[in-house]
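Numbers restart at 1 for each chain; the letters A, B, ... are given by sequence-line order, proteins then strands. What you see below is based on every heavy atom in this structure, not just the backbone, and it leaves out hydrogens, waters and symmetry mates.
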Protein chains: 2
Amino acid sequence: MIGRLNHVAIAVPDLEAATATYRDVLGAKVSDPVPQPAHGVTVVFVELPNTKIELLHPLGEKSPIQGFLDKNASGGIHHVCYEVDDIVAARDKLKTEGMRVLGDGEPKIGAHDKPVLFLHPKDFNGTLVELEQA
Amino acid sequence: MIGRLNHVAIAVPDLEAATATYRDVLGAKVSDPVPQPAHGVTVVFVELPNTKIELLHPLGEKSPIQGFLDKNASGGIHHVCYEVDDIVAARDKLKTEGMRVLGDGEPKIGAHDKPVLFLHPKDFNGTLVELEQA
C-alpha cells in the first residue's frame, strides 16, 4: 500500500537557524520559507536527491506543532509522510485493521494541495504517520 | 554535502508487531529480522521505492536504543541517516562549524558495513543525525 517516503518533517524552534544548518553546514539545497497559514506552519523544504526534509515552524496562534515544541524545546522529528495511490482505499483498509485515523477520518487537503490523513502514533510505534495521495 | 536520505530508524518495543504493522497493515516489503550483535540491535528493513525505514529492537545488554525505549515506551523515530561522499571530509567540515560529533569523532563501521558517524541532536534541531559514507 505505502509507496515513496514523501518527506520527514522536523519541527524547529528557530527556522532561520535550522535553514542555515541544513544549507551552510550540511550543504543541502533549501527553499525560501513558505508560509502556510491554512496549516499553521511556515515550511522550508530541504531537497535531497531521493526525498525531502521539511523544516516546520509555528505560524499563527493555533499551530498544530506548537505543543510539540513546548515539549521539545530544541525541536525534533514530528512525522513521516508516506505516499499512497488511493487515500480513501488506504483509510478504509487501515480502519478495518483497527488503526486510528486522526480527526474526523476524512482526508483533508494538505500542504502540497493533495489529500492527506494522519494516523495515531500509538498505532505506529510512537510515530506520527501522514499519508498523502500521490 | 549531504546526499540521499539513506534511512529513517524507528525504535520499536515489539519487533514482530511492528513488522506486522508495516507488512500487513501498511503493505510494505519487509526483510527478515537481522541480528546485529556488534551494534546492539536487531533490524527489520522496510523497503520503500526511494529509501528505507529501519525498525530497531534492542539486542543484548548494552543496546544503544534501550535508553530511548525506556523513555519512549511505544517506540519512536530514533534517527535519520544521510549519505555523504567522504565521511572524513564531512566530519572535518562539521567540526569547523562547531558541530559536535558523538563518541571519539572517528568514523566507525556501521550496520551496512560502511563508515558512519553520529552528530549531536542538540546541534540539529533535536534530531539525532547519522552520516554514512555512500
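By number of non-hydrogen pairs under 4.5 angstrom with chain A, the leading residue of B:L55, B:L119, B:V46, B:I10 is B:I10. The candidate with the highest count of non-hydrogen atom pairs below 4.5 Å against chain A, out of B:A18, B:A90, B:P49, is B:P49. Of the residues considered (B:N72, B:N125, B:L94), B:N125 shows the highest number of contacts with chain A, using heavy-atom pairs under 4.5 Å.
Remark: A:E97 CD is packed, more than 12 non-hydrogen atoms of other residues, nucleotides or ligands lying under 6.0 Å away. For B:K108, the NZ atom is densely surrounded, since the number of other residues' heavy atoms within 6.0 Å is greater than 12.
Remark: A:E47 engages no residue in a salt bridge (Lys or Arg N to Asp or Glu O under 4.0 Å) (not counting sequence neighbours). With sequence neighbours excluded, no residue forms a salt bridge (Lys or Arg N to Asp or Glu O under 4.0 Å) with A:K95.
The shortest distance between side-chain heavy atoms of B:F124 and A:L26 falls below 4.5 Å.
For the side chain to side chain contact (heavy atoms under 4.5 Å, CB included) criterion with B:L48, the lone passing option out of A:N6, A:T51, A:I2 is A:I2.
The cluster map of Ile, Leu, Val, Met, Phe, Trp and Tyr, joined by side-chain heavy atoms under 4.5 Å apart, puts B:V43 and B:I65 in the same cluster. Cluster annotation: B:V34 and B:L59 are assigned to distinct hydrophobic clusters (Ile/Leu/Val/Met/Phe/Trp/Tyr, side-chain heavy-atom contacts under 4.5 Å, transitive). Taking hydrophobic clusters as Ile, Leu, Val, Met, Phe, Trp and Tyr residues chained together by side-chain heavy-atom distances below 4.5 Å, A:F118 does not share a cluster with A:F68. A single hydrophobic cluster is not seen to contain both A:L5 and A:F45; linkage of ILVMFWY side chains at heavy-atom distances under 4.5 Å, directly or through other members, places them apart. Connection of A:L117 to B:Y22 is established within a shared hydrophobic cluster, with ILVMFWY side chains joined at heavy-atom distances below 4.5 Å, either directly or through further cluster members.
Of the two parts of A:V8, only the side chain, counted from C-beta on, holds a non-hydrogen atom closer than 4.5 Å to a non-hydrogen atom of chain B. Both the backbone and the side chain of A:N50 come within less than 4.5 Å of a heavy atom in chain B. Contact annotation for A:A17: neither backbone nor side-chain heavy atoms come within less than 4.5 Å of a heavy atom of chain B.
Minimum interatomic distance between A:K93 and B:V25 (heavy atoms only, all atoms of both residues): CE-O, 3.6 Å.
Using a 4.5 Å heavy-atom cut-off against chain B, the contacting residues of residues 126-134 of chain A are A:G126, A:T127. When the heavy atoms of residues 74-85 of chain A are compared with those of chain B, the residues falling under 4.5 Å are A:S74, A:G75, A:G76, A:I77, A:V80, A:Y82, listed by number.
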